[in-house]
Each structure stands twice: as C-alpha cells, then as structure tokens.
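The structure appears right after this line, and notes come after that.
These numbers were taken from a predicted model, which means no experiment stands behind them. Chain A is the first sequence line, chain B the second, and so forth, proteins listed ahead of strands; every chain is numbered from 1.
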Amino acid sequence: MNFYITTPIFYVNAQPHLGHAYSTIIADTVSRFQKIAGNDVRFQTGTDEHGDKIAEAAARSNETPREYVDRISRMFRETWPPLHIEPDNFIRTTDANHINTVRSILQKVHDRGDIYFSEYSGLYCKGCERFLTEKELINGNCPDHLTPPEPITEQNYFFRMSKYQEWLIGHIEQNPEFIQPERYRNEVLSFLKEPLEDLCISRPTSRLTWGIPLPFDDKFVTYVWFDALINYLTGIGYPDGPDFARYWQGAEHLIAKDILKPHAIYWPTMLKSLGLEPYRKLHVHGYWNVNDTKMSKSIGNVVRPADLIEECGADSVRYFLLREMSFGLDSSFSDDALINRHNSDLANDLGNLVSRSLTMVKNFCDCKVPPAGAMRDSDRELAAAATGMVAEYRKQMEVFAFHRALREVWKVIAMANRYIVNNAPWELAKEPASRERLDTVLYTLLETLRLITLTLHPVMPATATKMKDALGVESPPDFDSQAQWGRLVPAAAVTPGAPLFPRLKKATPAPAPADNRARQSSQKAARPGRTERGKP
RNA sequence: GGCGAUGUAGCUCAGCUGGUUAGAGCAUACGGCUCAUAUCCGUAGUGUCCGGGGUUCAAGUCCCUGCAUCGCCA
C-alpha cells in the first residue's frame with residue numbers, strides 16, 4: 001500500500017514551538033512505521049508564506065517579505081533534523097512550481113464555472129484575515145485579536161463551495177474513517193447541517209500584494225488558504241508527475257484541531273471541483289497546554305523544541321510526546337512530566353533492562369549470543385508476550401493510537417525485568433551444571449530485546465539503532481522478516497555500550513505555578529547568546 | 001442560545017457491545033536481590049466510579065435530570 005503522510009505547512013508568522021514539533025514528530029513516526037511495514041511512503045512538511053500577516057510581520061522587522069519568509073522558513077527546516085525528523089520533501093508556498101500549480105488550478109476551477117466575481121461588504125479583521133459577522137464581535141472587537149474590524153466593501157472572486165455541500169456530507173457519511181477521531185467527524189457533520197457559504201478566494205492588490213496573482217485577473221491575489229492547501233498536490237508533482245499518481249491515492253493529512261474547517265470542508269470541495277478524489281484520511285490531534293495553561297506568546301510560556309532536546313535528548317522528547325498524549329485529545333506539558341517519563345520509562349525500565357542484559361551477556365557469555373536450550377514455561381511466556389506485542393503494537397500504530405502502542409511495549413519491558421529476577425542468571429552462572437539454563441535465559445532475553453528494538457525504530461530511531469547495533473542485528477528494520485521469534489544467531493557478537501538514557505535530576509522541587517516565569521527566564525539567562533543571531 | 005465531549009485512587013489515565021471482591025503507571029511506606037543507570041523485584045494500601053432519579057436478576061458501563069469543565073456553531 002502507498003502512503004502519503006503530510007503535516008500542515010506551518011505559517012511563518014511565528015517560530016517553531018512544541019505544537020509544530022508534535023505534528024511533525026507524529027508524521028515522521030508514521031512515515032518510519034509504514035516504511036518498516038513494507039509500504040511505499042512519502043512524508044511532506046513545509047511552510048505557508050503568503051498573506052496579510054506575513055506582510056505585516058516582515059514590515060515590523062524591517063525586512064522585505066521575501067527576506068522575512070526565507071529566514072523563518074529556514075528556522076522551521078532547521079528544527080527538524082535535530083529531532084531525527086526526516087521528511088522526503090519540504091515545500092514552501094513561495095516555490096516557483098507551487099505558484100504555477102496554484103495558478104493553473106485556479107484557472108481550471110474558473111473554467112469549470114466554479115469561480116465567480118461578486119461584491120461583498122462586511123467587517124474585516126486583519127489578524128484573522130477574514131470577514132467577521134456582527135454576532136462574533138465582543139464589544140465591537142474581534143474576539144481573537146481584541147481589535148475593532150474595519151468596514152470594507154470590495155469586489156472579490158468566490159469559489160462555489162456550496163455547490164459541493166451535499167456531496168461532501170454524503171462522502172463523510174459513507175466513509176466513517178475519512179475524518180478521525182470521530183469527535184471531529186461529528187463536529188464537521190454538525191457544521192455542515194447549516195447551509196455552506198461560498199468561499200472568498202481573492203484579495204485585491206490594493207490591499208495586499210504578498211500573494212499569488214489570480215491567472216484571470218491580475219488585480220487580485222489568492223486567498224492564503226486556497227493557496228496553502230494546494231501544497232499537498234504540488235508536493236507530489238500534480239498534475240502529471242509520476243509521484244502524483246503514485247501517492248495521491250494514499251494521502252493522509254495530519255493536522256491540529258484549529259485548522260479542521262479548511263481541511264475538512266474547503267479542501268475536499270476544492271478537490272471535487274478539480275475532478276480529483278478526496279484525500280484518504282484526515283487525522284486531527286489536540287493541543288499541548290503548558291502547566292495546564294494555554295501556550296501563547298503573550299503569556300510567555302511557549303516551549304521551544306531545541307530547549308527540550310538540550311534537556312533530555314531528541315528520542316526522549318519524541319517518546320514523551322507520543323506516549324503522554326491520547327491522540328486527538330488535549331494534554332498538558334511540563335518539565336516535571338518530561339523528566340518523570342525520561343527517568344522512569346526510559347532510564348529505569350528500558351535503559352536499565354538493556355544495560356543489565358548486555359552486561360550479563362558480556363560477563364557470562366563472553367559477548368556472544370548464547371545458544372538456546374530447551375525452553376521452560378517462563379521462557380515461552382516471555383516469548384509469546386514479545387511476539388504478541390509486535391502484533392498489537394502494529395494494530396495500534398495503524399490507527400494512530402501511539403500511546404496504546406507504546407504501552408504494549410512497556411508491558412513487555414516490565415515483564416522482561418521480572419523474568420530476570422525470577423530466573424536470577426547470576427545464580428545460574430555460579431553453577432557449571434546450569435550452563436544450558438543460563439544460555440537459554442539470556443538468549444530469551446536478547447530475543448525479547450530484539451523485538452522491543454524493532455518496535456522502537458519509528459518512535460526513537462537513534463536509540464533503536466544503538467540497540468540494534470549492540471545486539472548485532474545487521475539488516476535494516478522490517479516487520480515481515482523480523483517479527484518472528486528466534487532470529488538471533490548463536491555466537492554472533494553482542495556489544496554493550498554506554499547507558500542509553502542517563503538519569504536526569506529534576507530542575508527544581510515542585511515549583512509553584514507563580515515561580516514558573518522566573519524559573520524559565522533564569523534558565524534562559526544561563527545560556528547567554530543561544531537565541532541571538534550572528535553572535536558567537 | 002443550539003449541538004457535542006468529558007467528569008473513575010494524591011497525580012495522569014485504562015475500563016470494548018451492562019455480569020465475579022473497580023484496574024495500570026507515577027508518587028508514598030515497608031521488605032528482598034545484586035546482573036544493572038541508587039537501577040530491578042515483591043508487599044501494602046486508600047476510591048460515595050461528579051450529584052440525584054430510573055430501567056434491569058445485574059450499571060462505572062444504558063435512559064432522564066442537575067452541576068462542573070471544555071470544544072464547535074450561533
């Protein structure tokens with residue numbers, strides 16, 4: 001099966017934060033997982049660079065829009081490699097081929113009669129880049145930006161979205177998996193019970209020039225959402241590149257809940273108008289709060305991925321984000337929670353298991369995979385749990401239930417730790433007569449570690465690679481050929497390494513909420529210059 | 001105001017189509033082991049399963065209602 005997993009293209013009006021990292025880590029994990037499952041996968045992320053807000057942000061920092069978007073887009077691009085995120089394509093909406101594709105699509109939709117010219121007057125909020133209704137206003141202000149909208153009358157081009165409303169309702173109803181989790185599907189369906197309005201897809205150049213000119217009227221540029229969504233097509237070479245036919249059928253978009261409407265409503269109707277099949281699935285995730293407070297610039301609690309990597313390493317961050325959040329729901333981030341997971345799940349449970357197992361193979365078996373003798377019940381029990389784990393893990397990963405998938409793995413890690421205590425290899429090692437038993441126990445342990453490693457590749461690629469190398473596994477990870485019990489070959493070399501996850505000390509003992517800001521700023525102060533551009 | 005979701009041990013949460021004495025992890029206390037990253041293993045718990053009413057032989061699990069929190073829409 002072919003897979004085309006995408007993140008949203010991130011709007012370059014802000015720097016990369018925890019939320020961006022979460023989306024992109026999920027996509028990377030899914031991409032790695034599907035590859036290991038033997039599928040043909042393409043993974044795309046990128047940046048969204050047109051619109052009012054970008055033009056204004058550029059003006060504020062005394063840059064041309066071009067300079068500004070180049071700078072911020074580069075920050076996004078450079079955020080991913082340290083998190084072990086490896087997209088196949090990083091797209092920018094200012095790329096020449098994207099601009100051409102958007103223009104050709106606009107022309108196509110126009111030719112089909114789905115775009116018309118009309119006058120519209122209303123209250124326009126620059127922050128939202130849209131017209132607001134009277135009822136939305138709070139004390140005459142935009143509820144989000146707390147500024148008064150401007151009354152504007154202008155002529156614009158509209159996309160006949162309403163024409164496809166009935167079709168869209170039918171498609172969502174007939175395809176229960178189209179929008180996931182179900183709560184968001186219900187939300188979209190309930191929104192669609194009301195008549196859909198047509199979508200204004202242009203902005204007059206008198207008001208905004210930082211956009212893609214309409215091919216049929218150069219006094220207008222394209223509305224930023226109409227431009228942005230098309231990235232999913234441009235990135236695989238629509239209309240006639242070979243990758244388009246190869247991947248579009250497998251398109252699965254991943255988004256945060258704030259951009260549900262453009263993806264669940266605008267986008268499928270645009271595709272329908274173009275005569276294309278809709279994407280296969282839309283996966284919607286929730287928000288990360290920080291210490292139970294909404295993350296925002298004004299509160300000053302924005303979490304930067306780079307700081308977390310510095311704190312405990314990329315793999316630990318990836319594990320935490322996937323393990324801690326039930327996909328689809330909101331969750332709360334805190335340094336304490338991150339460190340707790342790192343210490344208890346990674347250092348104590350997994351890291352220590354690897355360490356003690358490999359040390360015993362080194363001490364008792366001369367760093368070689370021992371031959372397995374006759375299996376006893378406790379061996380069979382662990383082996384069955386480990387092979388069962390891979391199957392259950394795959395099932396959960398396929399439906400984006402990352403927290404459940406990882407829980408299955410950690411059940412087996414706990415079981416392996418118990419298995420060691422129950423079989424006490426250090427006692428067996430004292431008695432030459434129990435040589436075969438010792439070998440069998442350690443072989444069973446190594447095999448269990450091998451299967452655990454297989455499941456960890458998508459989530460913690462660097463750690464899994466270290467484990468794989470330590471175990472002497474040579475071939476690249478692959479579920480079909482490596483999920484069976486007993487693949488390790490006796491006498492092969494085992495190479496113990498440094499601890500995978502050194503334990504971390506908690507930064508401060510249970511900081512009171514009021515202390516957070518002071519603490520964060522003092523942390524920043526402790527690392528002078530790290531955010532200053534161009535300073536050594 | 002309309003629609004929907006959620007409310008389970010100190011904390012974070014599991015509990016599918018109703019069925020034995022309500023579970024896991026973390027945190028806490030005590031005990032054990034020594035291969036291991038002061039790690040691991042065992043034992044001990046505590047819960048009006050938000051309140052109230054109802055259906056049923058049987059409800060955390062279904063229905064009604066109230067409260068609280070959140071989301072979408074208006």
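Listed by chain and number, the residues in a side-chain contact (heavy atoms from CB on, under 4.5 Å) with Val421(A) are Arg356(A) (sequence neighbours excluded).
Leu353(A) comes within 4.0 angstrom of no nucleic acid atom, judged by non-hydrogen atoms across all strands. Residue Arg503(A) is in base contact, counting any heavy-atom pair closer than 4.0 Å across all strands shown. Nucleic acid contact class of Ser355(A) (heavy atoms, under 4.0 Å, all strands): base. Among the heavy atoms of the strands lying under 4.0 Å from Arg404(A) are primed sugar atoms or P, OP1, OP2 only; no base atom is included. Within the nucleic acid shown, Asp349(A) comes within 4.0 Å of sugar-phosphate atoms alone, with no base atom in reach, counting heavy atoms only.
Base pairing annotation: rG25(B) forms a Watson-Crick or G-U wobble pair with rC11(B), both donor-acceptor distances under 3.5 Å. The base-pairing partner of rA68(B), taking Watson-Crick or G-U wobble contacts with both distances under 3.5 Å, is rU6(B). Nucleotide rC62(B) has rG54(B) as its partner under the Watson-Crick or G-U criteria, with both atom distances under 3.5 Å. If you check rU17(B) for Watson-Crick or wobble pairing at under 3.5 angstrom, you find it has no partner at all. Nucleotide rA74(B): unpaired (no Watson-Crick or G-U wobble partner with both distances less than 3.5 Å). In this structure, rC40(B) and rG32(B) make a Watson-Crick or G-U wobble pair, each of the two defining distances being under 3.5 angstrom.
rC63(B) and rU55(B): their C1' atoms are spaced 7 Å apart (whole Å). Separating the P atom of rG51(B) from that of rU56(B) is a span of 23 Å, rounded to the nearest Å. Between rC73(B) and rA59(B), the distance separating the two C1' atoms is 34 Å to the nearest Å. One C1' atom belongs to rC49(B), the other to rA44(B), and the distance between them is 22 Å to the nearest Å. When the P atom is compared between rG7(B) and rG60(B), the two are found 15 Å apart, to the nearest whole Å. When the C1' atom is compared between rC70(B) and rG47(B), the two are found 25 Å apart, to the nearest whole Å. Spacing between rC62(B) and rG2(B) at atom C1', rounded to whole Å, works out to 25 Å. Comparing the same atom, C1', in rC30(B) and in rU69(B) gives a spacing of 39 Å after rounding to whole Å.
Put simply, OG1 on Thr387(A) and CH2 on Trp485(A) are 7.5 Å apart, with the number rounded to the nearest 0.5 Å.
Here rC3(B) presents its P atom at 18 Å from CG of Leu192(A), a figure rounded to the nearest Å. Rounded to an integer number of Å, the gap from CZ of Arg418(A) to C1' of rG32(B) is 16 Å. The distance between atom CH2 of Trp410(A) and atom C1' of rA14(B), rounded to the nearest whole Å, is 18 Å. The distance from atom CD1 of Ile413(A) to atom P of rU37(B) is 17 Å, rounded to the nearest whole Å. Distance NZ (Lys411(A)) to P (rA14(B)): 14 Å, rounded to an integer number of Å. If you measure from atom CZ of Phe333(A) to atom C1' of rU12(B), you get 15 Å, rounded to the nearest angstrom. Atom pair His342(A):NE2 and rU37(B):P shows a separation of 15 Å (rounding to whole Å applied). When the P atom of rU6(B) is taken as reference, atom CG of Asn289(A) falls 18 Å away, rounded to whole Å.
The six-membered or imidazole ring of His20(A) lies away from that of Trp288(A), with a centre-to-centre distance of 6.0 Å or more. Ring centers of Tyr232(A) and His263(A): under 6.0 Å apart, within the cut-off. The aromatic ring centroids of Tyr319(A) and Trp410(A) lie less than 6.0 Å from each other. For Phe333(A) and Phe320(A), the gap between ring centers is short of 6.0 Å.
Each of Glu311(A), Arg341(A), His342(A) was scored for a side-chain hydrogen bond (donor to acceptor under 3.5 Å, both in side chains) with Ser316(A), with one residue passing: His342(A).
Between Asn186(A) and His403(A), the residue anchored nearer the 5' end of RNA chain B, judged by the nucleotide with its closest heavy atom, is Asn186(A). If you find the closest nucleotide of RNA chain B to Asn417(A) and to Ile420(A), the one lying nearer the 5' end belongs to Ile420(A).
Of the candidate nucleotides rA14(B), rU39(B), rC35(B), rA14(B) has the atom nearest to the side chain of Ser326(A). Listed nucleotides rU39(B), rC35(B), rU37(B) differ in distance to Asn352(A); the shortest reach to its side chain belongs to rU39(B). Listed nucleotides: rU34(B), rU37(B), rC41(B). Nearest to the side chain of Leu500(A): rU37(B). Nearest nucleotide to the Asn340(A) side chain, out of rC40(B), rC26(B), rC35(B): rC26(B). Closest contact between the side chain of Glu427(A) and the listed nucleotides rG15(B), rU37(B), rU34(B) involves rU34(B).
Relative ring orientation between Tyr393(A) and Phe33(A) is described as perpendicular, the plane-to-plane angle rising above 60° on a 0-90° scale split at 30° and 60°. Ring geometry for Tyr164(A) against Trp167(A) counts as perpendicular: the plane angle is over 60°, on a 0 to 90° scale with 30° as the lower cut.
Of the possible donor and acceptor atoms, none in the side chain of Asn343(A) sits under 3.5 Å from a partner among the backbone N and O of Arg503(A).
Between Arg407(A) and rU12(B) there is no side-chain polar atom (N or O) within less than 4.0 angstrom of OP1 or OP2. Contact annotation: Asn422(A) does not reach the phosphate of rC41(B) (side-chain N/O to OP1 or OP2, under 4.0 Å).
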Produce the list of close N/O pairs, under 3.5 Å, pairing protein atoms with atoms of nucleotides 71-73 of chain B; give distances to one decimal.
residue, atom, partner, partner atom, Å
rC72(B), O4', Glu187(A), OE2, 3.3
rC73(B), OP1, Lys261(A), NZ, 3.4

